[in-house]
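Let me begin by presenting the structure, written as structure tokens, before commenting on it.
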There are 2 protein chains.
Amino acid sequence: MTTPQGTAARNTRQRSAVATLLSQVEGFHSAQELHAMLRDRGERVGLTTVYRTLQALADAGDIDVMRPPGGEQLFRRCSDGHHHHLVCRTCGRTVEVAGPAVESWADRVAEQHGFVDVSHTLEIFGTCRECAAGR
Amino acid sequence: MTTPQGTAARNTRQRSAVATLLSQVEGFHSAQELHAMLRDRGERVGLTTVYRTLQALADAGDIDVMRPPGGEQLFRRCSDGHHHHLVCRTCGRTVEVAGPAVESWADRVAEQHGFVDVSHTLEIFGTCRECAAGR
DNA sequence: GCGTTTTTGACAATCGTTCTCATTTTCAGA
DNA sequence: TCTGAAAATGAGAACGATTGTCAAAAACGC
Ligand SMILES: [Zn+2]
Ligand SMILES: [Zn+2]
Ligand SMILES: [Zn+2]
Ligand SMILES: [Zn+2]
């Protein structure tokens, strides 16, 4: 969740801008979307830097990364702790869900097959009530 | 699992070649890898066609598609029925796993939030026994 | 066979992401 | 505050997987 290495990370205007934006915006957004939002706010941050910063935040576990089946990766600041997402295919509405049973199941299955250092990805997709109604 | 539409699908040498290859090869492979394998076998199939055929097979549910965190999508003919994969991060060794409890949990969670037409993706990653030993 | 319809495939185009590298910024000392 | 080594930035090029284009080739009901 925090910086693991020994090398010093420096505070820059750009990193603050990205972090601040992520803390104020709702839901998942692509790197390019976030870049555009920063531009609209008058913050001048290069696209490359947005990518690099998001990468670093993701590596540090400070943000969530989701890779929907047919698109680019999406980023989101989200609540602490391990959890998964229920995403509407149509409108993108997202609900965070926790599933302790799933976590232990995944670990147990991996362990039974001799795997160590286990992690997993899990996303649930569907059509939300609103989108199902308006059709 | 089978062709749903009413339009006729034609039998071509290329589609047979891809299907045959998938039925004989082990594990997950990218479209480009499969294309290269076909070339090595002397089968002349365009890369575009390989992509299209894999796409169709995936849409029909006849093959499995996996999108590992940092790479291209991988394809694999696999056993019938819904299941997930336990993949070694180092050597790519793959184990198919079934988790009825997870399935019903996902459906239940989605339902509780008013979502319909639910699907999900779940992959477990880890280091297999062999790879953990040789290190 | 014939003709219509689908499929193919070489190539261009797209698009998200990463690389390059010269310039700018940070920040721990002095 | 000043300095300089190290880190960070960003414009643009490069990359790599995938998709689009469209004329030529194959499939198949008749
Ligand atoms: Zn989990
Ligand atoms: Zn499978
Ligand atoms: Zn392994
Ligand atoms: Zn499942």
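When reading the values below, keep in mind they use all heavy atoms of this one structure, side chains included, and skip hydrogens, waters and symmetry mates. Note on naming: letters A, B, ... go to the chains in the order of the sequence lines (proteins, then strands), and numbering restarts at 1 for each one.
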Separation of A/T121 OG1 from A/M66 CE (nearest 0.5 Å) | 11.5 Å
A/R15 CZ to D/dG10 P, straight-line distance once rounded to whole Å = 11 Å
May I have the distance from A/R39 (atom CZ) to D/dG10 (atom P), rounded to whole angstrom?
-> 11 Å
Rounded distance (Å) that lies between atom C1' of C/dC19 and atom CG of A/L47 = 13 Å
Separation of D/dT9 atom P from A/H35 atom NE2, nearest Å, is 13 Å
Establish, with yes or no, whether the OP1 or OP2 oxygen of D/dA17 is under 4.0 angstrom from a side-chain nitrogen or oxygen of B/Q32.
-> yes
Can A/R13 and A/E43 be counted as an ion pair, charged N to O under 4.0 angstrom?
-> yes
Assign the ring pair B/F28 / B/H85 to parallel, tilted or perpendicular, where the plane angle (0 to 90°) is split at 30° and 60°.
-> perpendicular
Looking only at N and O atoms, is any donor in the side chain of A/R52 or the base of D/dG10 less than 3.5 Å from an acceptor on the other one?
-> yes
Nearest-neighbour nucleotide for the B/T48 side chain, C/dT17, C/dT8, D/dG20 considered = D/dG20
A/F75 or B/G46: which one's nearest nucleotide on DNA chain C is closer to the 5' end?
-> B/G46
Ignoring hydrogens and angles, are the base of D/dA6 and the side chain of A/R10 linked by a donor-acceptor pair under 3.5 Å?
-> yes
Distance check: side-chain N/O of B/Q14 vs OP1/OP2 of C/dG9, anything under 4.0 Å?
-> yes
Given side chains that start at C-beta, do those of A/V65 and A/L74 come closer than 4.5 Å, heavy atoms only?
-> no
Separation of C/dT8 atom P from B/N11 atom CG, nearest Å, is 11 Å
Could one point to a donor on the side chain of A/S30 or the base of C/dG16 with an acceptor on the other under 3.5 Å away?
-> no
Given atom CD of B/E33 and atom P of D/dA17, what is their separation to the nearest angstrom?
-> 10 Å
OP1, OP2 of C/dG9 versus side-chain N and O of B/T49: anything below 4.0 Å?
-> yes
In whole angstrom, give the distance that lies between atom CZ of A/R13 and atom P of C/dT25.
-> 9 Å
Taking only N and O in the side chain of B/Y51, is any of them less than 4.0 Å away from OP1 or OP2 of D/dT18?
-> yes
Select from B/E72 and A/T12 the residue whose nearest nucleotide in DNA chain D is closer to the 5' end of that strand.
-> A/T12
For A/R67, which contact category applies under a 4.0 Å heavy-atom criterion: base, sugar-phosphate, or nothing?
-> nothing
B/Q32 vs B/L47 side-chain heavy atoms within contact, under 4.5 Å = yes
Whole angstrom is fine here: how far is it from CD in B/Q55 over to P in C/dT7?
-> 14 Å
